[in-house]
Amino acid sequence: MTRESQRDSETGSGSGERNELRPIDWTDSDTFARALEQSETREKGNCFEDFAEGDRLQHDPGLTLTRWGNEAWMSQTLNHDPAYWRSDAAAERGFDEPPIHPDYLTAATLGITVEDLSEKGGYFLGRTDVRYPGTPVYAGTELRVESEVVSTATSSSRPEFGIVTWRTRGKDAATGEVLCSYERTNMIPRREPVATDGGGSATAADADGDEEGSGLPETFVTPDGGFFEDFVDALETAEGRDAAVAYRHERGRTQDDVTVASLPLATLNTAKQHHNVDVMGDSPSGDIVTYGDVTRSTALGHARSDERTWREVGFDDEKFHTFVAPGDTVYAFTRVLSADNDASIDVAGTVRFEHIAFNQDDEPVYSGTRIAEIRKRTA
């Protein structure tokens, strides 16, 4: 090989064109701005068109549920049930050690799915059929998550979005046991908007707050305590009257950097709504917003502080009505719907609640029904 041909080979100029790397001053603001304009963005997440009914997704990377993560979540959302903190209280409840709290488990299960399902953004329309196994989940469990597309639909009011519902299951990677499952529905951005007539074919989830309301009862009854019998007595007091067993909880939790950014990141929730102030500055909220499961868990923490919770059974009809931003304060309101003596253990009864989270302006931000086993006083 001649010296010239060797030089051409090294520089890639065999055809007469030189392909040398040009020195670029990336720190020059004008140069870098032009580079950004010419560059293509490697996007994350999926659009509405990427989902089809029946599709199955295995979400990576998964997450190991840790004592640290569990306690961080519980402490910041004011969930202070001693069975999840102290070994003696856990043993009294029948646990081998303080277990993983269902709220942290739910948030971790959803957080792992965000990159594949909802990172593109769009409204979180609701979640239902949230269920947990009868067996406890302990720190060190490796969580693997899978989802199935249940349905897709066109939004009649927002042509730039579609509506997708997924069924998600969080499993123990070692045993395959389902630890948490639910069905959730989101609006997901389309690559290309579709033409709509603006009416007629919207789903129920497409428009929040369209359900017909009812007048308030004349009287609100507050239980005398947090045992199962207290809820039964309150319901009996309200029976046959224009009354409801409903009350507000005193505590509030103002949203800060930990609740808005740190907690969702710890569950691998990568949605820009919680982390990218630059992007969210032009959004309706004007700022990053709190992960819905943080809002929910905070309100439930307020409610649980006024009851003797034995075990969480499940949740239904969960909706998020408006955003919660840094500086907003989350409060809670509860209505008791029913009480049943049957439960998985004799020392508890089953109570069905309706919980409303609201902000400092008394605006509802979350609502859902909850089934929980509540400890009996006479046990």
Side-chain angles (χ1 to χ4, degrees), residues 63-109 129-144 169-182 223 225-233 267 293 296-297 300-316 334 336-353 355 368-379:
L63 183 71
T64 298
L65 301 170
T66 65
R67 179 71 59 83
W68 175 87
N70 193 49
E71 293 182 351
W73 186 278
M74 290 190 300
S75 64
Q76 294 299 325
T77 59
L78 282 75
N79 279 282
H80 298 160
D81 186 332
Y84 296 91
W85 294 90
R86 300 193 335 249
S87 58
D88 60 332
E92 182 183 0
R93 198 81 60 87
F95 300 131
D96 296 334
E97 59 185 79
I100 295 297
H101 195 282
D103 287 4
Y104 172 53
L105 174 60
T106 305
T109 301
D129 199 22
V130 183
R131 295 295 183 267
Y132 310 104
T135 55
V137 180
Y138 294 112
T141 299
E142 293 188 5
L143 184 64
R144 294 291 183 270
R169 297 175 179 86
K171 295 183 175 182
D172 184 328
T175 67
E177 179 185 5
V178 176
L179 307 179
C180 173
S181 62
Y182 58 80
F227 287 99
F228 174 74
E229 294 90 342
D230 296 312
F231 296 114
V232 172
D233 291 345
T267 66
D293 270 328
R296 164 193 187 267
S297 188
L300 295 175
H302 298 333
R304 291 172 180 135
S305 70
D306 289 324
E307 65 187 52
R308 298 298 185 99
T309 315
W310 181 267
R311 185 177 76 91
E312 297 293 336
V313 177
F315 297 82
D316 291 294
T334 292
V336 182
L337 302 176
S338 63
D340 189 332
N341 193 53
D342 290 337
S344 64
I345 193 166
D346 291 340
V347 300
T350 301
V351 180
R352 185 166 173 260
F353 301 94
H355 297 294
T369 60
R370 166 176 167 248
I371 304 169
E373 294 182 351
I374 305 299
R375 184 163 186 162
K376 295 178 178 177
R377 180 184 290 105
T378 56

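Atoms considered below: every heavy atom in the structure, side chains included; atoms not considered: hydrogens, waters and symmetry mates. Everything quoted here is computed from the prediction, not taken from an experiment. Position 1 is the first residue of the sequence, and the numbers go up from there.
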Enquirer: Assess the pair Phe315 and Tyr182: is the distance between their ring centroids shorter than 6.0 Å?
Expert: no

Enquirer: Report yes or no: does Glu373 contribute a side-chain atom to a donor-acceptor pair with the main-chain N or O of Ser344 at less than 3.5 Å?
Expert: yes

Enquirer: So which heavy atom on Ala348 is nearest to which on Lys376, and how close?
Expert: O-CE, 3.4 Å

Enquirer: Would you say Asp103 and Leu300 make side-chain contact, with heavy atoms under 4.5 Å?
Expert: yes

Enquirer: For Ala83 versus Pro99, what's the shortest heavy-atom pair and its separation?
Expert: O-CD, 3.4 Å

Enquirer: Please identify each residue that fulfils side-chain hydrogen bond (donor to acceptor under 3.5 Å, both in side chains) with Thr309, with sequence neighbours left out.
Expert: Glu307

Enquirer: Could you measure the distance from the CG atom of Asp342 to the OG1 atom of Thr350? Nearest 0.5 Å is fine.
Expert: 7.0 Å

Enquirer: Is it true that Arg86 and Glu92 make a salt bridge, defined as a side-chain N closer than 4.0 Å to a carboxylate O?
Expert: no

Enquirer: If I compare all heavy atoms of Ser297 with all of Trp73, which pair ends up nearest, and what's the gap?
Expert: OG-NE1, 3.1 Å

Enquirer: Side-chain contact, heavy-atom cut-off 4.5 Å: Thr378 with Phe228?
Expert: no

Enquirer: Within the structure provided, determine whether Val130 and Asp316 are in side-chain contact (heavy-atom separation under 4.5 Å).
Expert: no

Enquirer: Roughly how far, to the nearest 0.5 Å, is CZ of Arg169 from CG of Leu143?
Expert: 14.0 Å

Enquirer: Using side-chain hydrogen bond (donor to acceptor under 3.5 Å, both in side chains) as the criterion, list what pairs up with Asn70, not counting sequence neighbours.
Expert: none

Enquirer: Regarding Thr106 and Asp293, do their side chains bring together a donor and an acceptor under 3.5 Å, going by distance alone?
Expert: no

Enquirer: Give me the atom names and distance for the closest heavy-atom approach of Gly226 to Phe231.
Expert: O-CE1, 3.5 Å

Enquirer: Just checking, is any N or O donor in the side chain of Tyr104 or Thr267 under 3.5 Å from an acceptor N or O on the other one?
Expert: no

Enquirer: Let's go through Arg304 and Glu312 carefully: what are the C-alpha distance in whole Å and the side-chain angles of both, what is the deciding distance for side chain to side chain contact (heavy atoms under 4.5 Å, CB included) to 0.1 Å, and is it a yes or a no?
Expert: CA-CA 11 Å; Arg304 291 172 180 135; Glu312 297 293 336; 2.9 Å; yes

Enquirer: Rounded to the nearest 0.5 Å, how far apart are CG of Asp81 and CZ of Arg311?
Expert: 13.5 Å

Enquirer: Checking the side chain of Tyr132 only, and the main-chain atoms of Leu105 only, is there a donor and an acceptor separated by less than 3.5 Å?
Expert: no

Enquirer: With a cut-off of 6.0 Å (strictly less than), are more than 12 heavy atoms of other residues, nucleotides or ligands near CZ of Arg308?
Expert: no

Enquirer: Mark yes or no for whether Glu229, through its side chain, and Arg377, through its backbone, hold a donor-acceptor pair below 3.5 Å.
Expert: yes

Enquirer: Between Asp230 and Phe227 (side chain of the first, backbone of the second, donor and acceptor by atom type, cut-off under 3.5 Å), is there such a pair?
Expert: yes

Enquirer: Specify the closest pair of heavy atoms between Ala108 and Leu63, including all atoms of both residues, with the distance to one decimal.
Expert: CB-CD2, 3.7 Å

Enquirer: Search all heavy atoms of Ile100 against all heavy atoms of Ala139 and return the closest pair with its distance.
Expert: CG1-N, 3.8 Å

Enquirer: Given Thr334 and His355, is the side chain to side chain contact (heavy atoms under 4.5 Å, CB included) satisfied, shown in steps?
Expert: CA-CA 5 Å; Thr334 292; His355 297 294; 2.9 Å; yes

Enquirer: Should the ring pair Phe95 and Tyr84 be called parallel, tilted or perpendicular, given that the plane angle runs from 0 to 90° and is split at 30 and 60?
Expert: tilted

Enquirer: Please confirm whether the backbone N or O of Asp172 pairs with a side-chain atom of Thr141, one donor and one acceptor, at under 3.5 Å?
Expert: no

Enquirer: Rounded to the nearest 0.5 Å, what separates atom CD in Glu177 from atom OG1 in Thr135?
Expert: 3.5 Å

Enquirer: Rounded to the nearest 0.5 Å, how far apart are NE2 of His101 and CE of Met74?
Expert: 6.5 Å

Enquirer: Between atom CZ of Arg144 and atom OG1 of Thr109, what is the distance when rounded to the nearest 0.5 Å?
Expert: 12.0 Å

